[in-house]
Novice: 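Sharing a structure, written as structure tokens. Questions coming.
Every chain is numbered from 1, with letters handed out A, B, ... down the list of sequences. Only a predicted model underlies this, so the values are computations on that prediction, with no experimental measurement involved. Values below: all heavy atoms of this structure, side chains included; hydrogens, waters and symmetry mates excluded.
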Amino acid sequence: MRGADNKDKPALYQRVVLKNASPYHYMKVCLVLEDESTRLSAVELKQFIITGLKSLYGEVGAALTFDLLKYDEDTLTAFLRVSSRGLVKLWSSLTLLGSYQNQACAFRVLQVSPFLLALTGNSRELQLD
Amino acid sequence: MSVFMDLNLSYTTDKSRLQSLIETAAHLGFSTVALNYVFEPMAKKKQEIPSPTPINDLIDPLPVVQGRSRPIRVLNRLTVVMSDSSHFAACMTYDVDIICISVTEKLPFFFKRAPVSGVRSALTTIVNTDDRSPSLSSICQSGRHSGSSVSFKAGVSLCDQQVKLLHTSRMYYCVCVCVCVCVRVCVRVRACVCAFVHTCVCVQAVDRGLVFEVSYSAAIRDSTMRRYTIANAVSLVDTCKGKNMILSSAAEKPLELRGPYDITNLGLLFGLSDGDAKEAVSSTCRSVVLHAETRKTASGIIYTMRSCSESSCQQEAPPAADCEAPAAKRARGHLTE
């Protein structure tokens, strides 16, 4: 019995909880415009987001550093990176952005995660065929 | 976890726009939406209350909510704009579910304490005289019936929720203190003054089951309204401590809608905590809808509905309530036998 216990020792599990582990938050956003044929370059998109930050939070808000990691011009989908402290500011300014060059627009935030790897998969777009 | 709801979508007669609005809401993840019909009673003119068009006429089939296998549920909601005390007295006996207050340019939204007894006596005098529009009096008579024949049409209440819109601050106070049938108070910013909400009124409103609603689409349309919306919302959160609040869009176009997590983030901006902000989009909305449903029933147990199958698909009453009454009757019959 004792010999069996020594051989079949149960594996030790340790639970590690990380709070605010990642310094950055990553967002996958898509810009939906009234006129669907409009195209923006990466620079124009970043400038547009900075304008949104400035209109909501002023100069201090516009100074919030965020990065445009990847941008698909055809679908107007972008990956943004922002420091975790500035996530609420950036997200709320994206939400309240309503017009781009006199046409109505909306930023659809598709995914938000503190880890970039999590943005690779999206269960909403999963298709089981 | 409770589902996400957006309880304020503006109704338009443009069918295609309404369809795209509901489809966008379903795509964004809202399980329930409410179409808002606005009614502003004029003292001199006789007006018909807008009756809600059946959902099957508007959009058929209903789009499936993203992430769930069920179609979106569309409710109806009436907003009554009240700017006169005579309207208020008439509407006080009206069977309403939701009260919506709106600030106008005429009177600032800053009110003082009014003696409760004085208000009550004023109300009774107005009710005794015939100082109310005929359409409202017809509402009152129909509204006094409880249970089956409620609100506009006999047989089935087509409006699931009814809203009162109050212009003056005095009426807001009256409503919160005196009226016992309110469910929701909505703050919609129209004027350039900040709303000062009194804490005692909020407490009394919450006791009656009132819920405060903040609409965010004005903040998207116009930069000036953005400031007022945020200012009013922040003061409201301060006063009612973040509880019993819901956030909704008053969207007219599909591009004015935002996803539920975006609205939760806006709630953080208004000063709500994480939990309160999420509740404002989900469980508080659900409690409003349940409250509105149970108000049509007798003590929330028995309800009546039209027997044909078309109207029953929109009436999502709890199935337990339906089974309770017949089961109890069956048990009793068995015992007596």
Novice: With a 4.5 angstrom heavy-atom cut-off, is it the side chain or the backbone of B:Leu266 that approaches chain A, or both, or neither?
Specialist: side chain
Novice: Taking B:Arg226 for its side chain and A:Leu96 for its backbone only, find out whether a donor-acceptor pair lies under 3.5 Å.
Specialist: yes
Novice: Which answer fits B:Thr264, side chain, backbone, both or neither, if we ask what part of it has an atom under 4.5 Å from a heavy atom of chain A?
Specialist: neither
Novice: Test A:Lys89 against B:Asn265 for side-chain contact (heavy atoms from CB on, under 4.5 Å), laying out the working first.
Specialist: CA-CA 9 Å; A:Lys89 277 189 179 174; B:Asn265 197 54; over 6 Å; no
Novice: For residues A:Ala104 and B:Lys253, report the shortest heavy-atom separation together with the two atoms involved.
Specialist: CB-NZ, 4.3 Å
Novice: How about NE2 on B:His27, more than 12 heavy atoms from neighbouring residues, nucleotides or ligands closer than 6.0 Å, or not?
Specialist: no
Novice: For chain B, which candidate among A:Val88, A:Val109, A:Val112, A:Thr95 shows the most heavy-atom pairs at distances under 4.5 Å?
Specialist: A:Thr95
Novice: Applying side-chain contact (heavy atoms from CB on, under 4.5 Å), run through B:Ile220 and A:Leu97 and close with a yes or a no.
Specialist: CA-CA 6 Å; B:Ile220 293 170; A:Leu97 265 179; over 6 Å; no
Novice: On a heavy-atom basis, which atom in B:Tyr261 and which in A:Trp91 lie closest, and how many Å separate them?
Specialist: O-CZ2, 3.9 Å
Novice: Among B:Leu268, B:Ile263, B:Leu269, B:Asp262, which residue forms the greatest number of heavy-atom pairs with chain A at distances under 4.5 Å?
Specialist: B:Asp262
Novice: Applying a criterion of heavy atom separation less than 4.5 Å, what residues of residues 46-77 of chain A form contacts with chain B?
Specialist: A:Ser55, A:Leu56, A:Tyr57
Novice: In Å and rounded to the nearest 0.5 Å, what is the OG to CZ distance from A:Ser92 to B:Phe270?
Specialist: 9.5 Å
Novice: What pair of heavy atoms forms the shortest contact from A:Arg108 to B:Leu257, and how long is it?
Specialist: NH1-O, 2.6 Å
Novice: More than 12 foreign heavy atoms under 6.0 Å from CZ of B:Arg286: is that the case here?
Specialist: no
Novice: Let me know if B:Arg258 has heavy atoms under 4.5 Å from chain A in its side chain, its backbone, both or neither.
Specialist: both
